[in-house]
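Take a look at the structure below.
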Amino acid sequence: MNFSFALNATDGAARTGVISTPRGEIRTPAFMPVGTAATVKAMRPESVRATGADILLGNTYHLMLRPSAERIDRLGGLHKFMNWDRPILTDSGGFQVMSLASLRKLTEKGVTFKSHIDGSKHEITPERSMEIQKLLGSDIVMTFDECPALPADRTRIAESMRLSMRWAQRSRDAFGDRPGHALFGIQQGGLERDLREESAEALRVVGFDGYAVGGLAVGEGQEAMFGCLDYAPAQLPEDKPRYLMGVGKPDDIVGAVKRGIDMMDCVLPSRSGRTGQAWTRRGQVNLRNARHADDPRPLDETCTCPACANYSRAYLHHVVRSQEMIAGMLLTWHNLHYYQELMGGMRDAIAAQDFADFETRFHAMRAEGDIDRL
Ligand SMILES: [Zn+2]
């Protein structure tokens, strides 16, 4: 069975469909929880699946350093290693080399750097990134790219984009022909519309199974990001999945889907779950806040996740303040559940040609804010 994408309905620029892979279907728009080090922190894989996730993201940079791609391969690949048998997308390692590693050196060939864990020296090239992602057994492989933090000047953005396009061709050549596995190209070009078009054209010429809008959510702010998403997705082939990397907050996600994005990933729901932050229909709730200490009500009375079905705000407040492990477990579960409910709601709304109303209701509920204190 091969990798394929079927678009089922559109509503304005918003789209809903299904990506088919040998490891299962991915309903789009899809949110991918991040399993950085072969685990979505504080969650068992079956619990991640229970929240409604069809696919996980793994980080090449982290896995190549520890426990190493070769070791994971010897142990049967990433799916077996982490006990997740559904699709996995891996990033190329480039973004995290730039954000985490030290002594980075960028050349035409690739990038050398020192590990943030033990200071050991490593190199990633497009060819090595393809090799690592193959060893991991990733279902959706990302091309190796380079992206400057924004704001950056136009010359730097253009040079970086053109390097990434040469690396995209090398990634395609090194990936080869692997039925059932997909390779996604990554559009760059910052907030420059013509550079984005040049990048999209370069990727179209090479040909990929899906396309990512890269280089956003790197400090430009939501308004600038939406400004770019008003044109960038439409520059990419309509019949392939479009993936916005590293986004985001619930309102970022709704705005991205509205503009034609099919896939997203972000550490936010899991990371904020470990710091006592919950995302709900009514916005963000800080469980550390003393207002919850005597509150017997659930976090969200309409939510069916274990945290909301079985525990009070008072209990969640207590375990957050006591730094008990169950705090991160319950709030991560709730946050991932909320994100997947949000995606499901958008898929249904697009299929029903009701996305504008969905968006209005989404913002109206958030504007109400959290329930009144007791
Ligand atoms: Zn919940």
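As the structure lists them, so they are numbered: ligands from 1, and atoms in each ligand from 1.
Ion pairing of R154 with D194 is present here, as a side-chain N (NZ or NE/NH1/NH2) and a carboxylate O approach within less than 4.0 Å. With respect to R166 and E108, a salt bridge is recorded, a charged nitrogen being found less than 4.0 Å from a carboxylate O.
Closer than 2.8 Å to the Zn ion (ligand 1) sit the protein N, O or S atoms C303 SG, C305 SG, C308 SG, H334 ND1.
For the residue pair T90 and Q133, a side-chain donor N or O sits within less than 3.5 Å of a side-chain acceptor on the partner.
The salt bridge (charged side-chain N to carboxylate O under 4.0 Å, His left out) search around E25 returns none, not counting sequence neighbours.
Side-chain contact check for R172 versus F208: some heavy-atom pair is nearer than 4.5 Å.
E123 pairs in a salt bridge (charged side-chain N to carboxylate O under 4.0 Å, His left out) with only one of the listed residues (R128, K109, K114), which is K109.
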